[in-house]
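Report on the following structure.
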Amino acid sequence: MRGSRLGFFVTFEGGDGSGKSTQVERLARRLRARGLDPLVTREPGGTPLAESLRTLVLDPARRPAPLTEALLILAARADVVATAIAPALEAGRVVLCDRYGDSTLAYQGAGRGLDDARLAAWNRMATGGLVPDLTLLFDVDPELARARRSVAATNRLDREPPDFHARVRDRYRELAAAEPGRFVVLDAARDADELERATWEAVAARLPALAATRGEA
């Protein structure tokens, strides 16, 4: 729920290799050029504690049990929301977050087979019920996403088998279909410049401060 917060919360979701992280940075540059000061953060991560947990979660040398993995991610989320995201929104800033609660439902729910209802309840606890104003889903075939990723840059989740990533994609699509008012699904098979324009259009259409600039290239 928005509650009394003044800012605007945008989350970026999708598989690794979808191009979402590139678009976070491109959107942040566009917002700064228009006089806004977005907070750019990521999950897991965004604070010193959460970044330490990120290292544990994504380290290819480790293999935590699915429940352990989920709880580490939720602990990181609780910290970044309390320490960074919520204060920025209260101050009226735009927040751009690379991954958020939907990632947990897709990766640890559909991917790992953990119970969706339990994950959703834990996520509400970790975030205090903070829901994004807009979620951009960068949808792309997992095989194309895999081909885009550098082998040297892959983390433990990247290295899961194709059926894992297929389940993740399917779950993301289900989440988007269930909440069309929050999600905008973008075809991430397009090149980065085309995807940047589509990302800008989606955000400018929703963010009051940008309403007058909708349609700008």
Inset, instruction - Evaluate the criterion side-chain hydrogen bond (donor to acceptor under 3.5 Å, both in side chains) for residue pair Q108 and E69; output intermediate values, then yes/no. - result: CA-CA 8 Å; Q108 284 69 51; E69 178 181 273; 2.7 Å; yes
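When side chains are defined from C-beta on, R206 does not count as touching D133, because their heavy atoms never get closer than 4.5 Å. At a threshold of 4.5 Å between non-hydrogen side-chain atoms, the residues R26 and R197 do not count as touching. At least one side-chain heavy atom of V203 sits less than 4.5 Å from a side-chain heavy atom of L134. With contacts defined as side-chain heavy-atom distances shorter than 4.5 Å, the pair V10/V95 does not qualify. Looking at heavy atoms from C-beta onward, V140 lies out of side-chain contact with R146 at the 4.5 angstrom threshold. Taking 4.5 Å as the limit, some side-chain heavy atom of T104 sits within range of a side-chain heavy atom of R77. Between T41 and I85 the shortest side-chain heavy-atom distance falls below 4.5 Å. In this structure, F9 and L130 have side chains that are in contact, with non-hydrogen atoms separated by less than 4.5 Å.
To the nearest 0.5 Å, the span separating SG on C97 from CZ on F12 amounts to 9.5 Å.
A120 approaches L105 most closely through the heavy-atom pair N-CD2, 4.1 Å. Of all heavy-atom pairs spanning R190 and A198, the tightest one is NH2-CB, 3.5 Å.
Of the options R182, K20, R171, a salt bridge (Lys or Arg N to Asp or Glu O under 4.0 Å) to D102 is made by R182 and by none of the others.
For D37, the salt bridge (Lys or Arg N to Asp or Glu O under 4.0 Å) partners at least two apart in sequence or on another chain are R93.
Checking side-chain atoms of H165 against main-chain N and O of L157 turns up a donor-acceptor pair under 3.5 Å. Put simply, the side chain of R156 gets close to the backbone of V57: a donor and an acceptor are under 3.5 Å apart.
In this structure, a donor-acceptor pair under 3.5 Å is absent between the side chains of Y100 and E13.
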